[in-house]
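This report refers to the structure that appears directly beneath it.
Not measured: the values here are computed from a predicted model.
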Amino acid sequence: MVNDSVAEYLEIPPDLVDDFLSLDLEYHADMGSSGDMTYGYYFEVPEDTSEALLCAMRWDVGDTVELPLNIFDVDEPDEL
C-alpha cells in the first residue's frame, strides 16, 4: 500500500504509524514548470492530523510534504 511506503520513507515513529495511516491523504504529482514529466509527489498535511504526529514530524496543518518518485510503484498520478 502506498501509505505504508510513505510512512517508512518519512520515518514516522512506530507509535504514530497508525495515526498516519488513518489520514485520508491526497497525493499530487509535481510536474515541474514544463508539465511534461513527473518529478515527485507531495501531499498537504490535513486538518485531522493528530497533535502528536504534528509535533513528532514538526509539521503544521497545511504544510506541503514532498516525496520522491521512487517510493511509488505506479506510472501515472491517476493510479495513486
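- With values rounded to the nearest 0.5 angstrom, Asp30 atom CG is found 10.5 Å from Met37 atom CE.
- Atom NE2 in His28 sits 5.5 Å away from atom CD in Glu44 (nearest 0.5 Å).
- If you chain together hydrophobic residues whose side chains sit under 4.5 Å apart, Tyr39 and Tyr41 never meet in one group.
- Note that CD of Glu8 is 9.5 Å distant from CD1 of Ile71, once rounded to the nearest 0.5 Å.
- Looking at heavy atoms from C-beta onward, Asp24 lies out of side-chain contact with Pro46 at the 4.5 angstrom threshold.
- The backbone N or O of Asp36 sits less than 3.5 Å from a side-chain atom of Ser34, completing a donor-acceptor pair.
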For Tyr27 and Val6, what are the C-alpha separation, side-chain angles and deciding distance, and is it a side-chain contact (heavy atoms from CB on, under 4.5 Å)? CA-CA 11 Å; Tyr27 297 102; Val6 173; 3.5 Å; yes
Show the numbers, then the answer: is there a side-chain contact (heavy atoms from CB on, under 4.5 Å) between Phe43 and Asn3? CA-CA 11 Å; Phe43 67 90; Asn3 285 352; over 6 Å; no
Side chains of residues 11-22: which donor-acceptor pairs under 3.5 Å do they make with residues two or more places apart or in other chains?
| from | atom 1 | to | atom 2 | distance (Å) |
| --- | --- | --- | --- | --- |
| Asp19 | OD2 | Ser50 | OG | 3.0 |
| Ser22 | OG | Asp19 | O | 2.8 |

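- Separating the CG atom in Asp60 from the CG atom in Leu54 is a distance of 7.0 Å, to the nearest 0.5 Å.
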Verify side-chain hydrogen bond (donor to acceptor under 3.5 Å, both in side chains) between Tyr9 and Asp4, making sure each step is shown before the conclusion. CA-CA 9 Å; Tyr9 170 78; Asp4 292 326; over 6 Å; no
The test is side-chain contact (heavy atoms from CB on, under 4.5 Å); show your working for Leu67 and Tyr42 and say whether it passes. CA-CA 5 Å; Leu67 305 166; Tyr42 66 93; 5.9 Å; no
